Each structure stands twice: as structure tokens, then as C-alpha cells.
There are 2 protein chains.
Amino acid sequence: MKHPARNPFADDLSVGQVASRSGIAVSALHFYEAEGLIRSRRNAGNQRRYPREVLRRVAIIKVAQRTGIPLKTIREAFKALPQERTPTADDWSRLSAAWKAELEHRIDRLTRLRDHLTDCIGCGCLSVRSCPLHNPWDELGKQGAGPRLLDPD
Amino acid sequence: MKHPARNPFADDLSVGQVASRSGIAVSALHFYEAEGLIRSRRNAGNQRRYPREVLRRVAIIKVAQRTGIPLKTIREAFKALPQERTPTADDWSRLSAAWKAELEHRIDRLTRLRDHLTDCIGCGCLSVRSCPLHNPWDELGKQGAGPRLLDPD
DNA sequence: GCTTGACCTTAACCTTACTTGAGGTCTTAT
DNA sequence: ATAAGACCTCAAGTAAGGTTAAGGTCAAGC
């Protein structure tokens, strides 16, 4: 084992250690750094050294990504924190509440879509004028650009 | 208005007509054709002419996409139909049932994630060993590639 | 018969989120 | 002291799902 942190006084983590602890590839960590999502110090040999709190930051990034938040937005959220600090418990509380709302919105949209799909299975209605999944575009398209009644985003 | 289908005998649609009726850009229709999702005949002047059923096909493509099905998969589904016909009511029934299952799976995953997020808001637990959103990676990462307990796909 | 708008093709570009490769350096165990 | 393995940078590639541009043709109305 050649990891620097064998030394108990060096609390810092190498990029490889962060990778193995976070489950994120080294290349992805480089990428996050280039995108301004995480930062590192360098040792004498120009290698990255991360404070432990980077693990927390990375954990937040992963959670946010799974809710469908783009990296750009995560970066903005981090930047908006005082001193661009790594989110505290309190910061996390606010961030996660906002992202949860986002997530619920997405769930709602998918659920509505599923319900329409449920109604339409077996009715063959894609061929019929009254189908809510199909008809709007065909009927209303005549009046210009196609309205997307079910996908108002 | 210069649309060819002024002529009541020409039931076929030009690409522009399909675009305005379906709400899909002409460039996207070209793209779908190149990807094998739709087909067209050509008139004497090499312009695309679509039978009306293309609207049905396109409607199905849009619905499938909104459930998160990639184009590649949609194409496979179409190819699997007898004679690669445009889906009949019956075909649609089977396709939409399969896609609905997919959709429900996605909703489930997002819902689980939301529930974890709900539990974690305000608990500050991202900093604590017991947090299900954070801990696994930090703790288990030591044993190799990071497990993603909440994202088993 | 000419202008205009719809259409054609091919190729390049876009965004997001990374990975891969090439060529070179550091660190650490032995 | 040396070899292995971890690390460095920078450029290019990948995937999906298109859009945009360039250069040219076709069709319809006046």
C-alpha cells in the first residue's frame, strides 16, 4: 500500500483515496475540480491533497446528481454559500430541501405520464381523436407550433 | 400557404406539415429518419412525403421519450413488430405496457431517493456515520470500488 | 419568369458528464 | 537505486439527441 495517508499526521487524502472512498473515478474528480465543484491543495510534488471534508462535498454532489440536478446548478449552490465553504449541516438542510422539491416535481410529472399511459393501454386510442396522449398535437398542430399539453416544461 | 397538401387527393404530408402537426422540428424528423425511426417516400423533386401514419409513429416516439426510453430502444421496439409496421392499437398496447413498467421503476427509484432525502433534511447526517445517503461510500469505500447502495443500477 | 419560402444534403457544432490516451513525473517499498 | 504504481497535464473521444450552417434545388404565387 503506497497511500500517503499511512502517516497519521497527514490527514489529507490523495486523489486515489478520495476515489476509492467515494466510489468516484479519479478522472471524475479531476473533472469536478476543473468545473469548480471541489478544490485541492498540492504537495511538493504537485499532487493533489484533499481535506477530509471533500468527501462530504462529493457525497452531496452525488446525491444531487441522482435527483437530476445538473453539475452547473450544484456549483452555483456551492458558490452561494458563505465563503464558498463546504456545506454545514444547516446548509445541507436548505440545499436538500430545495432539491427535494425539484425531485418531487419530477416524480409528479412522471406519475401523471404513467397515469395517462395506464388509461391508454388497451384502448388503442393513439389512433383515435380523443386520446390525450396523441390528439393534441394532431388536432391543434393545424394552428401553428404544436402545443404540448402534457409536457408544459 | 404553400403546403402541397392543399390538394385533397394527396393525402401525404410534407416534412414541414409533419413538423407543425407533431410539434417536432424538421431537423429532428430528418434525424429520426437517419436513425431508422421513421421512413419516407420521395416525390419527383426528391422531397420527403409521409403517409399520415407517421404522425402516430411520431406520437409514440414522443411518449416513449418522455418516459425516458432512449431512441435506440424505441427503434428496436419498432423493428420487432411484424413487417416493421407502424404500431397497431394492439402493438401499442404491448409497447406501452412495457414502457409503463419502466416508468414505474424510475418513479420508484426517485421516490426512494426522495424519502431518504426527507429523512436527512435537518438531521445534518451527511456529517455523521449513520447517514444512509452518505455513509456507505465513506465506510465501505475502504474495501474497494464504491458501492452505491441507493443506486443499484 | 422571378422571387420567396420550403426543401435538399453534408458536415460541423452543441451540451452534459465524463473517459481515454499519450507522454512524462513522483513516491515508496524493496 | 530502481521498478511499480500512483499521479500529473492536455487533448481528444464518447454518448445521446439534436441544432445550425453552407450551398444548392424545387414549387407556387404574382
Side-chain angles (χ1 to χ4, degrees), chain A residues 1-7 10 12-50 58 61-76 144-146 151 153, chain B residues 1-7 10 12-50 54 58 61-76 144-146 148 151 153:
Chain A
M1 215 223 217
K2 300 182 167 187
H3 279 153
R6 290 313 258 163
N7 177 355
D12 283 354
L13 301 167
S14 69
V15 71
Q17 286 175 317
V18 173
S20 89
R21 276 173 179 274
S22 65
I24 289 179
V26 169
S27 62
L29 292 169
H30 283 5
F31 178 72
Y32 291 162
E33 189 169 328
E35 293 294 300
L37 285 153
I38 59 179
R39 259 170 292 163
S40 61
R41 287 178 280 107
R42 300 300 178 109
N43 73 0
N46 194 37
Q47 297 194 350
R48 288 169 178 84
R49 288 300 177 262
Y50 299 95
V58 161
I61 293 170
K62 290 218 83 177
V63 170
Q65 275 200 291
R66 286 198 284 146
T67 77
I69 312 289
L71 291 184
K72 192 191 309 189
T73 306
I74 302 172
R75 182 182 50 209
E76 299 315 312
D151 202 13
D153 300 9
Chain B
M1 213 220 222
K2 300 183 167 188
H3 279 153
R6 291 313 254 163
N7 176 356
D12 282 354
L13 301 167
S14 69
V15 71
Q17 286 174 317
V18 173
S20 90
R21 276 172 179 273
S22 65
I24 289 179
V26 169
S27 62
L29 292 169
H30 283 7
F31 179 73
Y32 290 162
E33 189 169 328
E35 293 294 301
L37 284 153
I38 59 178
R39 258 171 292 164
S40 60
R41 287 177 281 109
R42 300 301 178 106
N43 72 1
N46 194 36
Q47 298 194 348
R48 287 169 180 82
R49 288 299 177 263
Y50 299 95
V54 82
V58 160
I61 293 170
K62 290 218 83 177
V63 170
Q65 275 200 291
R66 286 198 285 148
T67 77
I69 310 288
L71 292 184
K72 192 192 309 192
T73 306
I74 302 171
R75 182 182 48 208
E76 299 316 312
R148 291 127 178 80
D151 201 14
D153 300 9

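Everything quoted here is computed from the prediction, not taken from an experiment. All heavy atoms count here, side chains included; hydrogens, waters and symmetry mates do not.
- Taking the nucleotide of DNA chain D with the nearest heavy atom to each of B:Pro70 and A:Arg48, the more 5' of the two is matched to A:Arg48.
- At least one side-chain heavy atom of B:Leu71 sits under 4.5 Å from a side-chain heavy atom of B:Ile61.
- When side chains are defined from C-beta on, A:Val63 does not count as touching A:Ile69, because their heavy atoms never get closer than 4.5 Å.
- Closest to the side chain of B:Asn43, from the set D:dA27, C:dC7, C:dT27, is D:dA27.
- Between B:Phe31 atom CZ and C:dC14 atom P there is a gap of 17 Å when expressed in whole angstrom units.
- If A:Leu71 and B:Val26 are placed on DNA chain C by their nearest nucleotide, the residue sitting closer to the 5' end is B:Val26.
- Summarising the geometry, the separation between CD on B:Gln47 and C1' on C:dG5 is reported as 11 Å, rounded to the nearest angstrom.
- Straight-line distance from the CD atom of B:Glu33 to the C1' atom of D:dG18: 15 Å, rounded to whole Å.
- Straight-line distance from the CG atom of A:Leu13 to the P atom of D:dA6: 16 Å, rounded to whole Å.
- Between B:Ser27 and B:Lys72, the residue whose closest nucleotide on DNA chain D is further toward the 5' end is B:Lys72.
- As a whole-Å value, the separation of A:Gln17 CD from D:dA6 P is 11 Å.
- Side-chain nitrogen and oxygen atoms of A:Arg42 include at least one within less than 4.0 Å of the OP1 or OP2 phosphate oxygen of D:dT9.
- Residue A:His30 places none of its side-chain N or O atoms closer than 4.0 Å to OP1 or OP2 of C:dC18.
- B:Ala25 comes within contact range of the sugar-phosphate backbone alone, with a heavy-atom separation under 4.0 Å but no base atom that close.
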Table please: side-chain donor-acceptor pairs of residues 24-34 of chain B below 3.5 Å, with sequence neighbours left out.
| from | atom 1 | to | atom 2 | distance (Å) |
| --- | --- | --- | --- | --- |
| B:Tyr32 | OH | B:Gln65 | OE1 | 3.2 |
| B:Glu33 | OE1 | B:Ser40 | OG | 3.1 |
| B:Glu33 | OE1 | B:Arg48 | NE | 3.0 |
| B:Glu33 | OE1 | B:Tyr50 | OH | 3.2 |
| B:Glu33 | OE2 | B:Ser40 | OG | 2.9 |

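- Rounded to a whole Å, the CZ atom of A:Arg75 is 13 Å from the P atom of C:dT15.
- Proximity of A:Ser14 to the phosphate of D:dC7: a side-chain N or O atom is located under 4.0 Å from OP1 or OP2.
- Considering only side-chain atoms of A:Ala28, the nucleotide from C:dT19, D:dT19, C:dC7 that sits closest is C:dT19.
- Within 4.0 Å of A:Gln65, counting heavy atoms only, lie sugar-phosphate atoms of the nucleic acid but no base atom.
- Note: CG (B:Leu29) to P (D:dG17) measures 15 Å, nearest angstrom.
- An OP1 or OP2 oxygen of C:dC18 is reached within less than 4.0 angstrom by a side-chain nitrogen or oxygen of A:Tyr32.
- The shortest non-hydrogen separation linking B:Ser14 to B:Arg49 is CB-NH1, 3.6 Å.
- Rounded to whole Å, the distance from CD1 on A:Ile61 to C1' on C:dT16 is 15 Å.
- The CZ atom of A:Arg66 lies 7.5 Å from the NZ atom of A:Lys62; values are rounded to the nearest 0.5 Å.
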